[in-house]
Every structure is written in structure tokens, then in C-alpha cells.
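Scroll down for the structure; my scribbles are underneath it.
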Protein chains: 2
Amino acid sequence: MNLIEIKKKLIKHGINPSISRIKIYESLDKNRIHPTVDKIYNELHGELITLSKTTVYNTLKTFVNHNLVKVVNLGEGELRYDIMQDDHFHFRCKTCDDVYDFNAKEIDIESSNLTGFKIEEVNIYINGQCPKCIKK
Amino acid sequence: MNLIEIKKKLIKHGINPSISRIKIYESLDKNRIHPTVDKIYNELHGELITLSKTTVYNTLKTFVNHNLVKVVNLGEGELRYDIMQDDHFHFRCKTCDDVYDFNAKEIDIESSNLTGFKIEEVNIYINGQCPKCIKK
DNA sequence: GTCTCTGCAAATCGTTTGCAATGCT
DNA sequence: AGCATTGCAAACGATTTGCAGAGAC
């Protein structure tokens, strides 16, 4: 997604497309590594020298409020941020700490005994080792 | 589980059964509400007047290290603690904040496209509304 | 007496907030 | 000017750590 497209996307979601916001969105869109605030900040503050972490936090919160981005809490310290996409779940490698996406379609939660419960959100995350780290 | 049984269980897991530890374990065992540190502390410090939150933290960490208890992070602030039991997942009601257990046997994670990945731990948690709160 | 357990207070760390400075139209 | 955006510094809240005092054997 190029800068013009991002700009349009932000406007469509009611967000004023400032340079920081465009760049932060671009960073999330370009490398889908479920970055933490720190990673985003470190990636961008060479280019946007005045960028502060507060702005990264503010911007991500704006994105979340406008349903552009989802917060992912893998329970290991910092929050991670994820561009909104279809139902998927996360696999986190305990060795390299990378997070992979997996399609959640196949997983049949409904077959469970949840009668009477209203499911709003299903979160699945798996810990383990990724193929790269297994090879080593 | 009565106090004698808890004492034995702690000893069997290599934990010196102090009063605080027995009481904290009893609290976890008695009300399986996936309590936070705060809830445990509030439940017990009437009875154990000198109890401190540090001790609750220390004790829970000891339990976790000795595989008596599992940390559950539902991504909403505090950690929750759960007596070790068979594979199960959590349903958290967004209205009353109660957490329910569900058996995870039925959920067939393996059928997914995770070839090459070594699965060590599968975490599933669902947000929604419980039957009680739906009725209201 | 030694060694563990406990609890206060301070430190830590990610995140949030208050507010003043800056930027945009 | 008037309003939104940004960024520093302080606040926050859950958890951890350092360490000294209490307790057990």
C-alpha cells in the first residue's frame, strides 16, 4: 500500500492523515511482524526525528478506536499491534520471539459446549518453536 | 481439599507448607474463579492479618515454578491464577468479568496448517457474554 | 544459629495523562 | 485566530526486587 492509498484509508476511517500517522500505518502494513510500540518507534524515529513514543501510543490508540488496527496481548510484557485482517490466530516462537499468523477458519470453536454463551471474540495463541529455530 | 491434603500436596511438590502458602492454595482450590492477586489478597487478609501482597506474589510464583498453578493472561490488566488442570480454555464475560472454564478437547488445533511448527502450549480465550448477563 | 519466609518500601517497566508548544488552515 | 497534533515529563498500576526483621527447626 503506497502513501496515497494509506492517506485515503485514514480519511475514509475518519482519521486526519498527518505524516506520523501515515508513516506508522505504513510501518504496520509493510512489515507484518506484530510490532510492539518500541519496534515501531525504533523503526521510524530515524526518518521522523522528532517522533516520540507518546505519538506512537496516541496514533495506535486512534487506529484501534477507528478499527484499523487490533491490539494483541500475548501475555509476555508489551502489547503488539496488528493490522485488521480476517480471523487468524498467532503463533509465537519462544526462541526468536517472532509471531506468525495462521488462518483460524479451520478451528471449530462452535462445536464446544458453549450453549447459552454469546461469543464476541475468539483469541487463540500458541507458543512453541518455529521451523527456523527447530533447524538450529 | 482440606488443609491436611493441601499440606501433603505442597510437600509433594517440594514446597514448605507455611500457613500463608496453605491458605493461598486453599483459596485457589476452593473458589475456582481465576482470581487476581488482589482478589486473593482481599479474601485472605481478614484472616491472615499480617499477609502482604508481596507474599501473595511470592507464593504464586513459587506455585507456578513448582507446576501447581498456571498464570493466565486474559489481556485485561492483571494476571489471573489458575489451579493446574486438564486442557481447558477460558471464557470471560465482558459484563460481569467472571471467567468460565471450558474443556478444550473438542477443539482441533492440529487440523490447521501448522506443519513444521512445534506446538508447546495452546491458549484460547473467548470474550463475550455469559448466560446470566444475557438474561438481564 | 542458620536458613527460610515474610513484608515494607523502593524500583521497574509498559502505558497513560496533563499540559504546554507547535503546526495547520 | 482556532483547533488538532505532538512531545516532554510526571503519573499510574501491576509486578518485581532489595533487604531487614520475624519465624521455624
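Here is the naming used below: chain letters follow the sequence lines, and residue numbers restart at 1 for every chain. None of the values given here were measured: they were computed from a predicted structure. Just so it is clear, the values below take in all heavy atoms, side chains as well, and ignore hydrogens, waters and symmetry mates.
Between the CG atom of B/Leu60 and the P atom of D/dT15 there is a distance of 10 Å, rounded to whole Å. B/Leu79 places its CG atom 17 Å from the P atom of D/dG13, with the value rounded to the nearest Å. Remark: P of C/dC13 and CD of B/Glu78 are 21 Å apart, rounded to the nearest angstrom. Between A/Ile24 atom CD1 and D/dT5 atom P the separation is 13 Å, expressed in whole Å. What separates CG of A/Asn73 from P of C/dG14 is a distance of 13 Å, to the nearest Å. For A/Lys61 and D/dT5, the NZ to P distance is 15 Å, given to the nearest whole Å. The interatomic distance linking A/Tyr41 (OH) with D/dT6 (P) rounds to 14 Å, in whole Å.
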Name every donor-acceptor pair, under 3.5 Å, that has one atom in a side chain of residues 8-19 of chain A and the other anywhere in the protein, sequence neighbours excluded.
from: A/His13; atom 1: ND1; to: A/Lys9; atom 2: O; distance (Å): 3.0
from: A/Ser18; atom 1: OG; to: A/Arg21; atom 2: N; distance (Å): 3.3

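B/Thr59 contributes a side-chain N or O that, together with a main-chain N or O of B/Thr55, makes up a donor-acceptor pair within less than 3.5 Å.
Sorted by residue number, the list of members of residues 3-13 of chain A with any non-hydrogen atom under 4.0 Å from DNA chain C is empty.
When side chains are defined from C-beta on, B/Lys53 counts as touching B/Tyr41, because their heavy atoms get closer than 4.5 Å. With contacts defined as side-chain heavy-atom distances shorter than 4.5 Å, the pair A/Asn42/A/Asp38 qualifies.
Judged purely by distance below 3.5 Å, without hydrogens or angles, the side chains of A/His90 and A/Asn123 never pair a donor atom with an acceptor atom. For the residue pair A/Asp98 and A/His34, no side-chain donor N or O sits within less than 3.5 Å of a side-chain acceptor on the partner.
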Check the interface with nucleotides 3-7 of chain C: list each N/O to N/O pair with the protein under 3.5 Å, or write none.
from: C/dC5; atom 1: OP1; to: B/Asn16; atom 2: ND2; distance (Å): 3.4
from: C/dC5; atom 1: OP1; to: B/Arg21; atom 2: NH1; distance (Å): 2.6
from: C/dT6; atom 1: OP1; to: B/Ser18; atom 2: OG; distance (Å): 2.8
from: C/dT6; atom 1: OP1; to: B/Ser20; atom 2: OG; distance (Å): 2.8
from: C/dG7; atom 1: OP1; to: B/Thr50; atom 2: O; distance (Å): 2.1
from: C/dG7; atom 1: OP1; to: B/Thr50; atom 2: OG1; distance (Å): 2.7
from: C/dG7; atom 1: OP1; to: B/Leu51; atom 2: N; distance (Å): 3.4
from: C/dG7; atom 1: OP2; to: B/Ser52; atom 2: N; distance (Å): 3.1
from: C/dG7; atom 1: OP2; to: B/Ser52; atom 2: OG; distance (Å): 3.4
from: C/dG7; atom 1: OP2; to: B/Thr55; atom 2: OG1; distance (Å): 2.5
from: C/dG7; atom 1: O5'; to: B/Thr50; atom 2: O; distance (Å): 3.4

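Between A/Tyr25 and A/Phe63, the ring centre distance stays below 6.0 Å.
The environment of NZ in B/Lys132 is sparse: at most 12 heavy-atom neighbours from other residues, nucleotides or ligands sit within 6.0 Å.
Note on A/Ile33 and B/Phe117: separate hydrophobic clusters, where clusters join Ile, Leu, Val, Met, Phe, Trp and Tyr whose side-chain heavy atoms are under 4.5 Å apart, directly or indirectly.
Look at A/Tyr57 and you'll find a side-chain N or O under 4.0 angstrom from OP1 or OP2 of C/dT15.
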